[in-house]
Amino acid sequence: MYRKVFASKVFDRKVVLISGGCAGIGRALAVRLAQAGARLVILDLQQQALDSLVQHLADHHNAEALGLVCDVADGEAVQRAVALAVERFGGIDVLINNAGITHRSSFAETELAVFQRVMAVNYFGALHCTKAALPSLLARAGQIIVLSSLSGFSPLLYRSAYNASKHALHGLFETLRYELKDSGVSVMLVCPGFTATDLRKNALVGDGSVAAQPPLAMGKVASPQDVAEAIYLAALKRKRLLILSNVDWRARVLARFFPRLFERVLLPRLSGMKPQGPGRG
């Protein structure tokens, strides 16, 4: 359990934009940053969920929040949402690229449209948000926080599209970090371990339909609140990389330095059972 820090004023009155902010880690981050005094801009797909969260933040945390329906895969929609955020609050201090989807299906059984959709949300969604927010972030010496996963540095079976999108995020944002090194804007990649979110409940399968996946039994499952607290503490220090506990440190070390051992010991356990039948996880 991460100790909560309420005294810091680093985020007081700062404007934080969170994509995919209505559930899981995104929602927990919205609540945590509201506790720290931030003003929130929350992007998500459902107006009702946005309205409910904005009301919760106002009623329970006295936080000012703006909820905007936006599919981050739509670059023009993101530009409009960011423009509304800047109009409302004057700028953006922190961008949290949290929106994401996953799938579970073998490469051979995964239709091209699934690859395109996963990349559109996980990679291009973060790209669109960052492009749109960057002028404001530069003006305010802000922060970019990107939610990745252990898939960003190690493979998982039957997640080829998801893994590719996370590797792409690392390539993009590690390069961007170097380009921005003298600008005052920091970039942090976050790699959580297994977390109790709805991501697996809404996983795509090979034909593009949605099918909930059973939870993975490997390692301790973290709560979104604990993950959000860890991200908050790391953001206070403007860390470059945050790898959370349970299996991630082992996966990273083994995948990088002992790939054959990783393949034999961890990969099957991290990936779960082999999909049964065409297009199913």
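What you see below is based on every heavy atom in this structure, not just the backbone, and it leaves out hydrogens, waters and symmetry mates.
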(message) For a quick test of reading the model, state the closest non-hydrogen atom pair linking Ala34 to Leu57 and the distance between them.
(response) CB-CD2, 3.9 Å

(message) Any heavy-atom pair between the side chains of Ile25 and Val190 that's under 4.5 Å?
(response) no

(message) What verdict does the side-chain contact (heavy atoms from CB on, under 4.5 Å) test give for Val118 and Thr102, after you've listed the backbone C-alpha separation in whole Å, the side-chain angles of each residue and the deciding distance to 0.1 Å?
(response) CA-CA 7 Å; Val118 171; Thr102 190; over 6 Å; no

(message) Rounded at 0.5 Å granularity, tell me how far CZ in Arg32 sits from OH in Tyr232.
(response) 4.5 Å

(request) May I ask you to say whether Glu111 pairs ionically with Arg117, meaning some side-chain N is under 4.0 Å from a carboxylate O? (result) no

(request) For the pair Phe107 and Phe115, name the ring-plane relationship: parallel under 30°, tilted 30 to 60°, perpendicular over 60°. (result) perpendicular

(message) Let me confirm one number: the CG-CG distance from Asp44 to Asp51, rounded to the nearest 0.5 Å.
(response) 11.5 Å

(message) Within the 4.5 Å heavy-atom criterion, are Gln143 and Val94 side-chain neighbours or not?
(response) yes

(message) Within this structure, what is the CG-NE2 distance for the pair Asn122 and His103, rounded to the nearest 0.5 Å?
(response) 9.5 Å

(message) Could you tell me if the side chain of His170 sits less than 4.5 Å from the side chain of Ser148, heavy atoms only?
(response) yes

(message) Check this for me: Phe124, atom CZ, are more than 12 non-hydrogen atoms of other residues, nucleotides or ligands nearer than 6.0 Å?
(response) no

(request) Please examine the side chains of Leu233 and Leu236, heavy atoms only from C-beta on, and report whether any two atoms are closer than 4.5 Å. (result) yes

(request) Would you indicate whether the side-chain heavy atoms of Ser149 and Tyr162 approach each other to under 4.5 Å? (result) yes

(message) Using side-chain contact (heavy atoms from CB on, under 4.5 Å), reason through His128 and Gln79 one step at a time and then give a plain yes or no.
(response) CA-CA 8 Å; His128 292 153; Gln79 287 283 352; over 6 Å; no

(request) To the nearest 0.5 angstrom, please state how far the NE2 atom of His60 sits from the CD atom of Gln35. (result) 12.0 Å

(message) Atom CD of residue position Gln47 - does it have more than 12 heavy atoms of other residues, nucleotides or ligands inside 6.0 Å?
(response) yes

(message) Tell me the closest heavy-atom pair linking Ala85 and Leu66, and the distance in Å.
(response) CA-CD2, 4.2 Å

(request) In sequence, state the C-alpha distance, the side-chain angles, and the governing distance for Asp71 and Leu45, and then conclude on side-chain contact (heavy atoms from CB on, under 4.5 Å). (result) CA-CA 6 Å; Asp71 181 353; Leu45 295 174; 3.8 Å; yes

(request) Quick one: closest heavy-atom pair of Val185 and Leu137, and the distance? (result) CG2-O, 3.4 Å

(message) Would a single hydrophobic cluster contain both Phe11 and Val31, if residues Ile, Leu, Val, Met, Phe, Trp and Tyr are joined by side-chain heavy-atom contacts under 4.5 Å?
(response) yes

(message) Consider side-chain contact (heavy atoms from CB on, under 4.5 Å). Of Leu189, Leu180, Ile96, which one does Ile144 pass it with?
(response) Leu180

(message) Once rounded to the nearest 0.5 Å, what's the spacing between atom NZ of Lys237 and atom CE of Met188?
(response) 11.0 Å

(request) Kindly say whether Gly171 contributes a backbone atom to a donor-acceptor pair with the side chain of Thr175 at under 3.5 angstrom? (result) yes

(message) Quick check: closest heavy atoms across Ala234 and Leu242, and the distance to 0.1 Å?
(response) CB-CD2, 3.9 Å

(message) With a 3.5 Å distance limit and no angle check, can you tell me whether Arg140 reaches the backbone of Asp93 through a side-chain donor-acceptor pair?
(response) no

(message) Is there a side-chain contact between Val82 and Cys129 in this structure, where contact means two heavy atoms from C-beta onward sitting under 4.5 Å apart?
(response) no

(message) What's the separation between atom CG in Leu95 and atom OG in Ser19, rounded to the nearest 0.5 Å?
(response) 7.0 Å

(request) Test Arg39 against Lys14 for side-chain contact (heavy atoms from CB on, under 4.5 Å), laying out the working first. (result) CA-CA 6 Å; Arg39 295 176 289 170; Lys14 297 296 186 182; over 6 Å; no

(request) For Gly91 and Ser136, work out which heavy atoms get closest and say how close. (result) CA-OG, 3.2 Å

(request) Would you mind reporting whether Ser105 and Tyr158 have side-chain heavy atoms less than 4.5 Å apart? (result) no

(message) Show the nearest heavy-atom pair for residues Leu53 and Cys22, with the distance to one decimal.
(response) CD2-CA, 4.0 Å

(request) Examine distances only and state if a side-chain atom of Lys166 and a backbone atom of Leu147 form a donor-acceptor pair shorter than 3.5 Å. (result) yes

(message) Can you confirm whether more than 12 heavy atoms, excluding those of Asn62, are under 6.0 Å from its CG atom?
(response) no

(request) Taking the side chain as every heavy atom from C-beta outward, state whether Ile92 and Val41 have any atom pair closer than 4.5 Å. (result) no

